[in-house]
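Each chain gets a letter, A, B and so on, in the order the sequences are listed, and its residues count up from 1.
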Number of protein chains: 2
Amino acid sequence: MARPHKPILSRDLIVGTALELTDRTGRFTVPELAHRLGVSVSSLYHHVGGRADIVEGIRGRLAATLTLPLGLTWQEAVIHWATAYRDSFAAHPAAIPMLVSQTVTDPGTLARYDELAEVLHTQAGLDTEELIVAITMLDNLCLGAALDLGAPSDVWAADHRESALTRAVTATSRESCSAAAFDRQLDLIVNDLARRAMPVA
Amino acid sequence: MARPHKPILSRDLIVGTALELTDRTGRFTVPELAHRLGVSVSSLYHHVGGRADIVEGIRGRLAATLTLPLGLTWQEAVIHWATAYRDSFAAHPAAIPMLVSQTVTDPGTLARYDELAEVLHTQAGLDTEELIVAITMLDNLCLGAALDLGAPSDVWAADHRESALTRAVTATSRESCSAAAFDRQLDLIVNDLARRAMPVA
DNA sequence: ACCTGAACACCGTTCAAGT
DNA sequence: ACCTGAACACCGTTCAAGT
């Protein structure tokens, strides 16, 4: 088989399989990916710029959920955006380190940031300075929460010492605490923004 | 030369050189590291468990600054801890992706978390549940801020569209905004904790 | 246009060998 | 104990070749 009549590969298929592989095994490798697709390694390079491009494709998939529905107040929009961000990244924990080590170039992802900025500007009346600080805060929060939820930074899970605190901590659910911390921090941020917002209606 | 009278390598030297290499070139590789040290690759494995162990050594170096001075109020301690965390990670941006992709095992780092927990427990009177949420929030914040400061997640630097916001944003200093967002968020967290604290004095 | 095999320049790790 | 060279099983990417 040299060239099939109907292409068997596509950027979308490659990205999807890479994400699947990452979820299942914690990583993906170009040879593994090719094997999984029943194809030779070099075939992939006809549809994709390389490994980094595949990672960027994964980013695009995850960021797709950040689209804002119409008719939300800016507060609701912020909460929707941040929650979707955290959720979709946390659903693929093993992908986070890959995403974090690489500059964001996916146009869809960038557009999602723009949309949030638009809402904060036109509906909450934040000026440029405030806008950037706000988005930075939200970005920080979501990234941190997703990392904390998914990545292997199980800081307090280790039985490293005789700390009463550490032992108590081990008992509690890691996920629920992370979620609680996220919710509370998001709430703090929204309130802080509300205090600074210039109502435009 | 087979075995020198005085060892030329040590875990500390290896870790230090790896960090230096990372700062200068954005990454470190075992062969590069060996070359830089004027030594054969396999020599490193007499002093270090492997690449992951070197990364853990780097984590230990950076976490060393998290030690809390005596005589601080718990609020001051939180601010000191978080600021030192953010600062020392942000000073080595290229190291962050490596640190984030790997489980924390460095004992020193784990001890620094314990110390903060101790302060929050005994001085702020937080119960177990509150304690974990608090530390998770702080951990999230610092990690997110460090990532945002150092990692190549220059989200809004890309000239991807005709967004007035995006262009305005490009003008402003990335660092100062990140710092402002961090300071404000840290302030929010401390105040939130103060509201929940049970004064013990 | 799309798949292939072979080749290239890398990785991290191990291990018998030397002193 | 500590350094070495050689070997191993991997990576990601390229490129001439086939249809």
Please report, rounded to the nearest Å, how far the P atom of C:dA1 is from the CD1 atom of A:Ile8. 17 Å
Give the stems involving DNA chain C, where a stem is 3 or more consecutive Watson-Crick or G-U wobble pairs (i with j, i+1 with j-1, and so on) under 3.5 Å. C:4-8 with D:12-16, C:12-16 with D:4-8
Nearest to side-chain heavy atoms of B:Ser42, which nucleotide of D:dA6, D:dC2, C:dC3: D:dA6
Can you measure B:His47 atom NE2 to C:dT13 atom P for me and round it to whole angstrom units? 16 Å
Which whole-number value in Å describes the distance from B:Tyr45 OH to C:dT13 P? 4 Å
For A:Tyr85, ring pair (Phe, Tyr, Trp, His ring centres under 6.0 Å) partners two or more places apart: A:Trp81, A:Phe89
Send over the distance from A:His46 NE2 to D:dG18 P, rounded to a whole Å. 15 Å
Does B:Arg184 come within less than 4.0 Å of B:Asp187, counting only side-chain N to carboxylate O? no
Mind calculating the distance between CZ (B:Arg11) and P (D:dC2) to the nearest angstrom? 15 Å
Please state whether the phosphate of D:dT4, meaning OP1 or OP2, lies under 4.0 angstrom from any side-chain nitrogen or oxygen of B:Ser43. yes
Rounded off to whole Å, could you give me the CD1-to-P distance for the A:Ile54 and D:dC11 pair? 14 Å
Quick one: B:Leu44 CG to D:dG5 P, roughly how many Å, whole number? 13 Å
Side chain of A:Val39 (C-beta onward), nearest among D:dG12, D:dT13, C:dT4: C:dT4
To the side chain of A:Pro4, which of C:dC2, C:dG12, D:dC11 is closest? C:dC2
